[in-house]
Amino acid sequence: MLKSRLAASAALPFALVALTACGSPAETPKPEQPSAVSTPPALTREAIEAAVFEVAPPPAANGATTPAAPDPAIARAQVLLDRANFSPGVIDGLGGDNTRQAIAAFEKAAGLPEDGVLDAEVFRRLTAGDNGKVLADYVITAVDLTGPFIGQVPSDLQAMSKLATVGYATPLEAFAEKFHMTEGLLRVLNPGVDFGKAGQTIVVAAVAQTDLAVDVARIVVDKTERSVRAYDADDKLLAFYPATIGSSARPAPSGDLSVVGVAPEPNYTYDPDRVSYDRGDRKVIVPPGPNNPVGSVWIDLSRDTYGIHGTPDPSKVGKTFSSGCVRLTNWDAEQLASRVKPGVRVVFR
């Protein structure tokens with residue numbers, strides 16, 4: 001597992017991590033620009049595995065192009081993009097900006113015209129490069145159900161700080177994140193399943209979390225595109241990730257920074273004397289956990305209180321604003337963190 005290897009990447013003790021500029025639970029939603037797709041067929045395991053590209057009709061007159069339900073072809077493409085390290089963020093079968101940007105990054109790497117459209121050639125390249133099954137069976141174990149599961153996650157920092165850990169709310173949430181999916185898609189693929197019962201077999205996205213091939217030498221944070229790209233020492237693209245990056249009120253930095261270290265399972269400190277946003281007038285320390293405001297890992301940057309980190313809500317990555325830091329899904333942040341070391345250049349543009 002990646003988490004067990006993060007400590008080798010110059011891990012920072014929890015007490016030394018000042019996360020005061022990031023992770024504010026209060027966010028302003030950013031409208032998503034959806035992908036143009038056809039009316040999707042019924043979503044089943046068989047439909048996803050057999051999905052092929054079909055030409056989408058033109059958008060409706062009112063511009064509405066979001067499918068009413070997950071589309072098998074989009075779901076298949078998202079899993080393949082994820083496995084190729086062109087992350088679409090959370091896999092939902094719906095597409096949207098994150099998927100379009102992942103496709104555009106894949107097109108650029110493949111030498112194709114870069115328009116972000118899931119067309120016949122993109123689909124052919126994705127499936128030619130990886131023709132394995134995109135769904136898999138997973139048997140729920142007793143270990144999976146040990147939690148701790150905390151039920152409703154508090155939105156108030158004071159209430160959150162009183163928890164022993166900011167764990168997953170439910171087993172369903174834990175499985176959705178483990179397999180990079182929305183809870184909704186997981187439910188659709190597993191009608192009637194009790195996710196809290198050991199021995200149940202569930203259908204999940206086949207997205208084994210893998211290390212990047214080599215160490216990261218440079219990270220590029222694109223504030224306009226809302227993305228993060230990781231490059232090796234030969235300037236070859238290793239991975240693409242959608243990201244939430246600052247806001248007009250609390251912008252992310254500009255120019256060159258560097259990685260200072262990595263803190264797996266960090267706590268989150270809100271200090272009103274060090275931040276520009278208002279979450280109360282008292283200093284609060286929230287314990288670690290995947291639903292901590294900064295998620296499961298923190299990559300500390302050379303500007304005080306700024307970093308690249310995970311998130312408690314992967315479905316909002318790229319669709320909301322942050323308090324200045326760079327927010328990825330927990331699994332993308334973990335993958336990136338496992339291959340960065342102190343001194344890695346981080347370019348904000």
Side-chain donor or acceptor of [X] paired with backbone N/O of [Y] under 3.5 Å:
X	Y	answer
Glu183	Ala176	no
Asn190	Val193	no
Asn292	Pro287	yes
Asn98	Val317	yes
Arg76	Val52	no
Thr141	Asp144	yes

Quiz prompt | Listed once per pair and sorted, the ring-ring contact (aromatic ring centres under 6.0 Å, His included) pairs that draw on residues 133-160, sequence neighbours left out | solution = Tyr138-Phe179
Quiz item: Can you find a heavy atom in the side chain of Pro242 that is under 4.5 Å from one in the side chain of Asp97?
Solution: no
Practice problem: Given side-chain contact (heavy atoms from CB on, under 4.5 Å), test Asn291 with Glu173 step by step and report yes or no. | Solution: CA-CA 10 Å; Asn291 275 319; Glu173 183 188 22; 3.2 Å; yes
Nearest-0.5 Å distance that lies between atom [atom1] in [X] and atom [atom2] in [Y]:
X	Y	atom1	atom2	answer
Asp232	Arg218	CG	CZ	10.0 Å
Ser315	Ile91	OG	CD1	13.5 Å
Asp194	Leu172	CG	CG	10.5 Å
Leu237	Asp234	CG	CG	13.0 Å
Gln152	Thr170	CD	OG1	10.5 Å
Asp222	Ile245	CG	CD1	7.0 Å

Quiz prompt | Nearest heavy-atom neighbours spanning Val262 and Val297 | solution = CG1-CG2, 3.8 Å
N/O donor-acceptor pairs under 3.5 Å from side chains in residues 251-259, not counting sequence neighbours:
residue, atom, partner, partner atom, Å
Ser254, OG, Lys223, NZ, 2.7
Asp256, OD2, Arg345, NE, 2.8
Asp256, OD2, Arg345, NH2, 3.1

Self-check item: Pairs where residues 80-96 contributes a residue and the test side-chain hydrogen bond (donor to acceptor under 3.5 Å, both in side chains) is met, not counting sequence neighbours
Solution: Gln78-Asp92, Asp82-His180, Arg83-Asp130, Asn85-Gln335, Ser87-Asp332
Self-check item: side-chain contact (heavy atoms from CB on, under 4.5 Å) partners of Arg125, counting only residues at least two apart
Solution: Phe106, Ala110, Leu112, Glu121
Exercise. Name all residues meeting the side-chain contact (heavy atoms from CB on, under 4.5 Å) criterion together with Gln158; count only those two or more places apart in sequence or in a different chain, and write none if there are none.
Key: Asp156, Ser161, Arg282, Val284
Single-linkage hydrophobic cluster, 4.5 Å side-chain cutoff, [X] and [Y] together:
X	Y	result
Tyr268	Leu163	yes
Val188	Phe175	yes
Met181	Ile202	yes

Quiz item: Are Glu177 and Trp331 close enough, and set up right, to give a side-chain contact (heavy atoms from CB on, under 4.5 Å), and what steps lead you there?
Solution: CA-CA 8 Å; Glu177 183 152 317; Trp331 56 87; 3.7 Å; yes
Exercise. Determine, step by step, whether Leu185 and Leu43 satisfy the side-chain contact (heavy atoms from CB on, under 4.5 Å) criterion, reporting the C-alpha distance in whole Å, the side-chain angles of both residues, the deciding distance to 0.1 Å, and the verdict.
Key: CA-CA 9 Å; Leu185 181 57; Leu43 191 76; 3.2 Å; yes
Practice problem: I would like to know whether Val204 and Leu186 meet side-chain contact (heavy atoms from CB on, under 4.5 Å); could you show each step before the answer? | Solution: CA-CA 7 Å; Val204 300; Leu186 192 54; 4.1 Å; yes
Practice problem: Could you verify whether a donor N or O on one side chain and an acceptor N or O on the other, from Thr311 and Asp313, lie under 3.5 Å apart? | Solution: no
Quiz prompt | Reference residue Val326; test side-chain contact (heavy atoms from CB on, under 4.5 Å); the match among Val346, Leu336, Ile308 | solution = Ile308
For residues 44-51, tabulate all N or O donor-acceptor pairs below 3.5 Å that involve a side-chain atom, not counting sequence neighbours.
residue, atom, partner, partner atom, Å
Thr44, OG1, Ala47, N, 3.0
Arg45, NH1, Asp137, OD1, 2.6
Arg45, NH2, Asp137, OD1, 3.3
Glu49, OE1, Val134, N, 3.1
Glu49, OE2, Val134, N, 3.3
Glu49, OE2, Leu135, N, 3.0

